[in-house]
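Okay, structure first, notes after.
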Amino acid sequence: MSNTVTRFAPSPTGHLHIGGARTALFSWLLARRNNGKFVLRIEDTDQQRSTQEYTDAILDSMKWLGIDWDGELMYQSKRFDLYNTYIDQLLETGHAYWCDCTTEQVDAMREKAMLEKRKPKYDGSCREKNIGPGENRVVRFKAPLDGHTSFNDMIKGPIVVENTEMDDMILRRSDGTPTYNLAVVVDDHTMGVTEVLRGDDHVNNTPRQILIYKALGWDIPRFGHVPMILGPDKKKLSKRHGALSVMEYEKMGYLPEAVVNYLVRLGWSHGDQEIFSKEELIEFFDTEHLGNSPSVFDTKKLDWVNCEYIKAKAPAELIPGMRNFLPEGAEASDEYLEKIIPLLQPRATNYKEMADMTDFFLVSADKLEYDEKSVAKVFTPEALDHLKELTARIEADSEFTHDSLEAVHTGYLAEKELKFKAIGQPVRLAICGKVQSPGGLYDLMLVMGKAETLARMKRAATLA
RNA sequence: GUCCCCAUCGUCUAGCCUGGCCCAGGACACCUGCCUUUCACGCAGGCGACAGGGGUUCAAAUCCCCUUGGGGACGCCA
């Protein structure tokens, strides 16, 4: 076990979205790759917006993706005492001060700054007031007024920010609760986090947090900021672009491995390789090959990756996933599904499609629905004659194998001097109820079995 | 507005750090053909990019500068 410790720190104010899932994946991979620890922390200091339901949903999504974490799940809401200890320490060492400015006053300062074409900041008017605690007062960090703060981003390289760009951020709200920046620093330090991998939207927070680390006299971890995921219009991915949460992809019938593969490959590369097993991901992952520009989420490619996984799986492995999408009360034994699935694998994009393509297999001959238009068009008198004759010959075929069925059909065709076209559609329609279905004719028959095949063909003959 | 970040095919990307092997490679998508009993799979091929402009250099996708474009952040949210 190395000393690498990474973390993922979602705030339970919504479902786990694909952007968050990807950063979680990167952090997890970095830890696993280095034989280190990956810890999970729930950032619920905003007690108004955080809910246990979302925490549970996030955890479910993590588990679905196969991202496991080490040690106890941590809740920031249970550590307020700890945060307050350090805020007090900052107060005592002169790195923080009490402030009684009202929200209105601060807003006015910001507006004024904007008008003067400066960055909107708190102007530090309470810095030297030396007021103590009191009703409606907050604790602010006393940021340095000169110099600069820099760090070497694992993804973006060196980043330097002038200290004058940062204002005196609030550490403790007037209701006594700690704010994000303070809590994050205390947590990452006390949890022994060595590399912080997080979303790009936190780059601006990093110098502020570094300032807190320094004020507390703590070692500073390495930081890496993962670029955003964009929608097709190159805007930050949002609900109007469609599915956002990991859960939705589960509901659409994607395989978790495929989602993981696609997400990791979005923004990270290992030469030309596209498909990675979990083991390969862990073996190859590195921060050097994380891209530093935002990437557009491409559903088409996700679909392709998902197809690759479906094709690569043993049929039996797909049964449980597919069952979730089978209609209520559908009767299908594992044995039957295992025979059907190979026909679906080269054709289906996801579990849902697999289930949809299976419909005609799961009803008995007398309940099979026939597509009316196709019946009218395909079941001509000649076609029905062929069907009846074929039915008799199949019935007489004691072998009922792919080869024997082929012999039956081609033999009949040769006798009558017909092309396959003459029987292709009629037979398919007879046994599937539609002219388009997955699988070759003989494969279809073999999957259904002789009795069912004959029953369907006989019923079809009575239709027109 | 201010600050930070980013910029290779439509999209994901390799290459960039350690210039020449790159008139730029792979994948998705798209198009064409082959295979074929539907639909697919598969196979073969095609289309298609170094944002623009200056430098540095014998040589630049690779290094430097500017412009343009895009994104993010500026909260008693995280």
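Scope of the values below: all heavy atoms of this structure, side chains included, with no hydrogens, waters or symmetry mates. The chains referred to below are lettered A, B, ... by the order of the sequence lines, with proteins before strands, and numbering in each begins at 1. Here the structure is a predicted model, which means the values were calculated and not measured.
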Under 4.0 angstrom, heavy atoms only, what part of the nucleic acid is [X] near: base, sugar-phosphate, or nothing?
| X | result |
| --- | --- |
| A:E165 | sugar-phosphate |
| A:K235 | sugar-phosphate |
| A:S295 | sugar-phosphate |
| A:D153 | nothing |
| A:T45 | sugar-phosphate |
| A:K434 | nothing |
| A:K311 | sugar-phosphate |

- Which residue lies more 5' along RNA chain B, comparing A:S293 with A:G267 via nearest heavy atoms: A:S293
- Query: With nearest nucleotides of RNA chain B determined for A:R347 and A:R49 from heavy-atom distances, which residue corresponds to the more 5′ nucleotide?
  - Reply: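 Comparing both residues, the 5'-ward one is A:R347.
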- Message: Less than 6.0 angstrom from the centroid, inside 45 degrees of the normal: does A:R140 satisfy that with respect to the ring of A:Y122?
- Response: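 Yes; both conditions hold, so A:R140 lies above the ring face of A:Y122.
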Rounded to the nearest angstrom, tell me the gap between atom [atom1] in [X] and atom [atom2] in [N].
| X | N | atom1 | atom2 | result |
| --- | --- | --- | --- | --- |
| A:K117 | B:G1 | NZ | P | 8 Å |
| A:Y54 | B:A78 | OH | C1' | 15 Å |
| A:R118 | B:U2 | CZ | C1' | 10 Å |
| A:L343 | B:G42 | CG | P | 16 Å |
| A:D168 | B:C74 | CG | C1' | 15 Å |
| A:M114 | B:G1 | CE | P | 10 Å |
| A:N181 | B:A73 | CG | C1' | 12 Å |
| A:I87 | B:C76 | CD1 | C1' | 12 Å |

- Note on the structure: Expected list for residues 9-24 of chain A near RNA chain B, using heavy atoms below 4.0 Å, is A:S11
- Message: With a 3.5 Å cut-off and heavy atoms only, can you find an N or O donor on one side and an acceptor on the other between the side chain of A:D298 and the base of B:A29?
- Response: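 Donor-acceptor pair under 3.5 Å: no.
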Hey, what's the ring geometry for [X] with [Y], parallel, tilted or perpendicular (30° and 60° as the breaks)?
| X | Y | result |
| --- | --- | --- |
| A:F285 | A:F26 | parallel |
| A:H270 | A:W268 | parallel |
| A:Y442 | A:H402 | perpendicular |

- Base versus backbone protein contacts along nucleotides 14-25 of chain B [heavy-atom cut-off under 4.0 Å; B, S, -]: SS---------B
Given [N], is OP1 or OP2 found less than 4.0 Å from the side-chain N or O atoms of [X]?
| X | N | value |
| --- | --- | --- |
| A:R110 | B:C76 | yes |
| A:K121 | B:C3 | no |
| A:N292 | B:A7 | yes |
| A:R140 | B:G75 | no |

- Message: Tell me if the aromatic rings of A:Y262 and A:F297 count as close, with their centers under 6.0 Å from one another.
- Response: yes
